[in-house]
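The chains referred to below are lettered A, B, ... by the order of the sequence lines, with proteins before strands, and numbering in each begins at 1. Everything numeric here is computed off the predicted structure, so don't read it as measured data.
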Amino acid sequence: MSESKANKQTNSVHARRAIAYIVLIILSFLCLVWFYVLFINATRSNNQLKSGFTPLPSKYLVQNMRNLFNGATPVVQGMINSLIIAACSAVLCVYFSTMTAYGIHAYEFKGKKAIFTFILAIMMIPTQVSALGFIRLMNQMKLTDTYIPLIIPSIAAPVTFFYMKQYMESNLPASLIEAARIDGASEITIFNSIILPLMKPAIAVQAIFTFVASWNNYFTPNLIISSKMKKTLPILLAELRNSDWKTFDMGQVYAMIAFAIFPVIVVYLLLSKYIVGGVTAGGVKE
Amino acid sequence: MEKTVQKSNNVNKHNRWGYVFLIPFVVVFVVFQLIPLISTIYNSFFENYKSGLKQVGPNFIGIQNYITLFKSGDLPTYFKNTMIMWILGFVPQILVSLLLGAWFTDPSLRLKFQRFFKTVIYLPNLIMASAFSMLFFTLFSDSGPINSILVSIGIFAKPYSFMSHIWSVRGLVAMMNFLMWFGNTTILLMAGMMGIDQSLFEAAEVDGATATDIFFKITLPLLRPILIYVMITSLIGGLQMFDVPQILTNGKGDPMRSSMTLIMYLNKHLFSKNYGMAGALSVILLIITGILSMIVFKVSATNEK
């Protein structure tokens with residue numbers, strides 16, 4: 001009796017495991033198939049693309065890429081622009097967010113609690129709601145069509161600040177900070193030479209997330225940048241959609257989308273350990 | 001006694017540095033967020049737009065912009081569009097994430113290749129939304145590969161025009177949102193599930209509870225705070241929906257503006273320099289997200305106790 005029950009239970013575990021694998025495989029397929037089709041189509045010529053889809057790659061990838069780089073859209077410049085903005089934003093964001101978090105974490109001063117609560121309260125407010133005032137102010141400050149409005153605001157990043165603060169609470173006890181105070185060294189030196197290295201794991205995770213957010217951002221750069229050679233990749237992609245794409249060489253269109261997507265996938269696969277692990281700590285308090 | 005006094009002085013001396021460390025954040029926040037926000041609210045009470053080459057205003061008109069927004073019917077329509085596309089994406093997202101989370105954390109299942117699956121389902125989240133929607137636009141275009149496949153295997157007799165039907169456009173937007181966010185939600189819910197005391201599951205198993213019983217009677221009720229957190233942050237994200245429908249429909253929200261979202265509408269006013277209406281729309285969005293984030297704040301605060 002009890003043996004048959006145990007048997008039944010193992011059977012049901014087997015069945016549930018099989019269902020779980022099938023669902024996971026279907027979902028993985030749904031996540032990846034688009035990029036597979038993109039890759040295939042980026043390797044095919046315009047004529048081949050017009051004659052329908054085939055699941056096997058052709059040999060026009062290099063040709064399509066060459067056409068793309070020689071074309072009218074400055075994609076390489078766009079990628080360099082995106083890289084510069086995203087890298088500068090990530091560096092400034094993690095450095096100053098760590099600094100802000102350290103200011104709140106390590107010191108006792110009047111108004112500290114109020115400031116902390118205030119930062120938490122504004123954490124969820126989207127940047128879009130102040131976009132109108134932002135553009136008008138940037139206009140008055142003659143900063144439109146420069147990268148300053150896209151980079152400097154990342155210094156005040158409540159979400160990154162909150163992550164750093166949480167990390168400090170579990171990894172940076174007061175005794176450690178007290179011990180770090182070497183005689184004669186200023187607080188800034190202590191922060192730069194002792195505290196920052198201790199924060200490396202958190203800094204790596206947040207640098208990646210800030211980089212990605214800035215790299216993918218379309219709304220703000222689209223309102224700020226107007227010169228062709230200063231445009232970022234998302235703006236160039238939106239312009240591709242806006243142009244009369246039917247007259248385009250479709251091989252080149254796919255090559256451009258592939259150019260925007262595949263480098264990110266490669267970097268992601270290299271860093272996926274940090275990224276997937278870093279997701280939770282940003283949102284849910286444990 | 002002497003020593004304690006000295007020590008507290010020492011601490012006080014250090015503590016002034018707290019303010020110094022906060023200066024960059026506060027200055028940047030005031031200049032790039034607070035002043036723009038105040039100016040946005042201020043602008044919402046003025047009539048200020050370009051009509052052809054003629055500049056109208058700025059004239060103070062009180063809450064007339066808000067009345068126009070509601071009366072013209074645009075705001076309710078775009079709010080409805082945004083909510084429909086959010087719900088279409090969010091419902092499958094939360095169901096799939098709950099299921100996957102329960103499977104990944106179930107010790108009796110011992111699923112293999114977990115890291116591989118997690119890496120794959122999180123991947124679409126990092127893809128540039130503008131590139132992803134441009135990709136979907138080409139794949140689902142009338143002469144694109146999806147139509148070519150569907151016709152060749154005989155599902156459709158002739159290519160289906162995905163971009164000119166209301167529900168196929170909304171469906172595509174929802175599907176992209178689903179693909180981009182279910183991996184992220186799964187990982188968040190998993191963290192919550194792993195935080196549940198394992199002895200509860202063991203006790204339930206000893207008492208003869210099935211996996212389904214355990215999921216509905218133990219996991220789900222204990223996950224409630226995280227579920228609320230996930231739902232409201234997703235709703236706040238949903239209200240900001242922009243890149244995907246903007247690029248998929250080329251900013252038009254076609255067909256018949258049925259996929260036009262609130263932020264697309266804001267973007268349109270910003271480009272046409274209708275500052276009064278853009279301001280009023282921003283303030284309404286600010287109020288909605290403000291209320292929603294207060295709920296998150298409350299939930300997280302009670303969760304902590």
Problem set entry | Max heavy-atom pair count under 4.5 Å with chain B, selected residue of A:V264, A:I25, A:I155 | A:I155
With a 4.5 angstrom heavy-atom cut-off, could you sort out which part of [X] is near chain A: side chain, backbone, both or neither?
X: B:I146; result: side chain
X: B:Y42; result: neither
X: B:R110; result: both
X: B:T249; result: backbone
X: B:N147; result: neither
X: B:N250; result: both
X: B:T233; result: side chain
X: B:M180; result: neither
X: B:V283; result: neither
X: B:L266; result: side chain

How close do [X] and [Y] get, heavy atom to heavy atom, and via which atoms?
X: A:A156; Y: B:Q33; answer: O-NE2, 3.4 Å
X: A:N41; Y: B:P145; answer: ND2-CG, 3.5 Å
X: B:M128; Y: A:W215; answer: CE-NE1, 3.2 Å
X: A:Y21; Y: B:K112; answer: OH-N, 2.7 Å
X: B:S293; Y: A:I125; answer: OG-CD1, 4.2 Å
X: B:A131; Y: A:I257; answer: O-CG2, 3.7 Å

For this session: Before giving the answer on side-chain contact (heavy atoms from CB on, under 4.5 Å), spell out for B:Q246 and A:Y218 the whole-Å C-alpha distance, their side-chain angles and the decisive distance to 0.1 Å.
Result: CA-CA 10 Å; B:Q246 172 82 10; A:Y218 168 58; 3.9 Å; yes
Just how far is it from atom [atom1] of [X] to atom [atom2] of [Y], taken to the nearest 0.5 Å?
X: B:Y122; Y: A:C31; atom1: OH; atom2: SG; result: 12.5 Å
X: A:R16; Y: B:L111; atom1: CZ; atom2: CG; result: 9.5 Å
X: A:L132; Y: B:K273; atom1: CG; atom2: NZ; result: 10.5 Å
X: B:L270; Y: A:Q128; atom1: CG; atom2: CD; result: 10.0 Å
X: B:L100; Y: A:L24; atom1: CG; atom2: CG; result: 5.5 Å
X: B:T138; Y: A:W34; atom1: OG1; atom2: CH2; result: 11.0 Å

Quick check on [X] against chain B: is it the side chain, the backbone, both or neither that has a heavy atom closer than 4.5 Å?
X: A:K112; result: neither
X: A:I135; result: side chain
X: A:M123; result: neither
X: A:L32; result: side chain
X: A:I119; result: side chain
X: A:L269; result: side chain
X: A:R136; result: side chain
X: A:I115; result: side chain
X: A:L30; result: both
X: A:A157; result: backbone
X: A:S28; result: both

For this session: Under the side-chain contact (heavy atoms from CB on, under 4.5 Å) rule, what do B:F32 and A:T127 come out as? Steps first, then yes or no, please.
Result: CA-CA 10 Å; B:F32 290 95; A:T127 50; over 6 Å; no
Pairs of heavy atoms under 4.5 Å with chain A: top-ranked of [options]:
options: B:L292, B:T210, B:I23, B:L248; value: B:L248
options: B:L99, B:L285, B:L179, B:I38; value: B:L179
options: B:V151, B:I236, B:N125, B:L123; value: B:L123
options: B:G18, B:A129, B:S130, B:G290; value: B:G18
options: B:I247, B:V20, B:V26, B:D243; value: B:I247
options: B:I121, B:T119, B:I41; value: B:T119

Using a 3.5 Å distance criterion without hydrogens, assess whether the side chain of [X] forms a donor-acceptor pair with backbone atoms of [Y].
X: B:N15; Y: A:E108; result: yes
X: A:R17; Y: B:L109; result: yes
X: A:N216; Y: B:L126; result: yes
X: B:S148; Y: A:F53; result: yes

Exercise. How are the rings of B:F21 and A:F191 set relative to one another: parallel (under 30°), tilted (30 to 60°) or perpendicular (over 60°)?
Worked result: perpendicular
For this session: Report the relative orientation of the aromatic rings in A:F118 and B:F29; use parallel for angles under 30°, tilted for 30 to 60°, perpendicular for over 60°.
Result: perpendicular
For this session: For this output row, return yes or no: ring centroids of A:F109 and B:Y19 closer than 6.0 angstrom.
Result: yes
For this session: Step through it carefully: locate the ring centre of B:F132, locate the ring centre of A:F35, and say whether they are under 6.0 Å apart.
Result: yes
Exercise. Heavy atoms, side chains only, cut-off 4.5 Å: are B:F182 and A:L27 in contact?
Worked result: yes
Problem set entry | Residue A:F29 excluded, over 12 heavy atoms near CZ under 6.0 Å | no
